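Structure record follows, encoded as structure tokens.
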Amino acid sequence: MQNTAIVQGFIVDLRRGTLVLAVLSCLNTAKYGYSLLQEMESGGVKIEANTLYPLLRRLESQGLLESEWNTSQSRPRKYYTISQNGKKIYQLLRAEWQRIVADMESLLNRNEVLQ
């Protein structure tokens with residue numbers, strides 16, 4: 001039982017580290033929070049609304065996202081898109097992610113004794 005909790009904690013930590021990259025990758029076109037949530041989940045990235053919305057606000061305050069309110073519908077929605085600076089940061093994070101994946105694959109394959 002205790003091992004399950006430990007593993008779940010590690011999985012949460014691993015996923016948390018990928019959320020910024022996942023969000024930035026989805027915002028090349030304008031999306032509101034719920035549509036972004038659905039797109040990420042359909043892509044296999046599980047994220048809760050109470051995690052996503054604060055993350056969107058933080059990325060916007062850091063200048064990585066731009067937002068615009070759409071009030072033309074019965075329900076106003078805030079749409080987010082990646083900013084020019086966000087695109088630069090995204091490219092840097094994506095390159096780093098690819099390096100991490102390659103390094104981990106190399107390390108894990110070299111140490112297959114544990115499998």
Side-chain angles (χ1 to χ4, degrees):
M1 233 12 150
Q2 185 180 359
N3 282 344
T4 302
I6 291 169
V7 169
Q8 287 303 315
F10 289 146
I11 290 171
V12 168
D13 289 344
L14 286 171
R15 287 181 185 264
R16 186 178 300 130
T18 64
L19 292 179
V20 170
L21 183 59
V23 167
L24 294 176
S25 75
C26 293
L27 289 174
N28 207 29
T29 59
K31 292 181 183 68
Y32 60 95
Y34 185 70
S35 67
L36 176 59
L37 186 74
Q38 290 178 314
E39 181 176 340
M40 291 178 68
E41 287 184 354
S42 73
V45 177
K46 295 177 182 174
I47 184 169
E48 294 183 22
N50 63 357
T51 300
L52 178 61
Y53 290 104
L55 178 57
L56 289 171
R57 287 190 296 273
R58 180 170 60 88
L59 294 174
E60 184 179 19
S61 72
Q62 292 172 328
L64 305 182
L65 299 181
E66 297 170 347
S67 68
E68 184 176 313
W69 281 99
N70 180 335
T71 57
S72 65
Q73 300 173 359
S74 62
R75 189 172 176 194
R77 291 185 170 143
K78 191 173 188 179
Y79 283 78
Y80 295 90
T81 55
I82 191 167
S83 68
Q84 287 302 314
N85 190 42
K87 289 178 183 179
K88 292 174 187 173
I89 298 295
Y90 168 74
Q91 291 301 325
L92 293 170
L93 291 175
R94 182 179 172 165
E96 183 60 25
W97 171 256
Q98 290 169 332
R99 275 190 293 278
I100 289 170
V101 168
D103 291 346
M104 290 303 298
E105 283 294 327
S106 174
L107 185 65
L108 294 174
N109 290 334
R110 187 174 34 193
N111 293 310
E112 285 189 28
V113 170
L114 298 175
Q115 296 179 7

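Source: prediction; values computed, not measured.
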Quick one: does any side-chain atom of S67 pair with a main-chain N or O of K78 as donor and acceptor, under 3.5 Å? no
Heavy-atom nearest pair, L65 first then L27, reads CD2-CD1, 3.6 Å
Write down the atom of A49, the atom of P54, and the distance for their closest heavy-atom approach. O-CD, 4.1 Å
Between OG1 of T4 and CD1 of I11, what distance do you get to the nearest 0.5 Å? 9.5 Å
When every non-hydrogen atom of Y53 is compared with those of Y34, the smallest separation belongs to OH-N, 3.2 Å
Rounded distance [0.5 Å steps], CD in E48 versus CG in L37: 9.5 Å
What closest approach, in Å, do C26 and M40 show between heavy atoms, and which atom pair accounts for it? SG-CG, 3.9 Å
Between E60 and R57, is there a salt bridge with N-O shorter than 4.0 Å? no
Taking every non-hydrogen atom, the tightest pair across L56 and G33: CD1-CA, 4.3 Å
Tell me whether the count of non-hydrogen atoms from other residues, nucleotides or ligands lying under 6.0 Å of CG in N28 goes above 12. no
Taken to the nearest 0.5 Å, the spacing of L93 CG from E96 CD works out to 8.5 Å
Rounded distance (nearest 0.5 Å) linking atom CD1 of I100 with atom CD of E105: 13.0 Å
Nearest heavy-atom neighbours spanning S83 and G86: OG-N, 2.9 Å
Starting from L59, can I reach W97 by hopping between I/L/V/M/F/W/Y residues whose side chains sit under 4.5 Å apart? yes
Among N85, V23, I82, which residue meets the side chain to side chain contact (heavy atoms under 4.5 Å, CB included) test with L64? N85
Rounded to the nearest 0.5 angstrom, the CD-CD distance for E66 and Q84 is 7.5 Å
Indicate yes or no: at least one non-hydrogen side-chain atom of L55 is less than 4.5 angstrom from one of T51. no
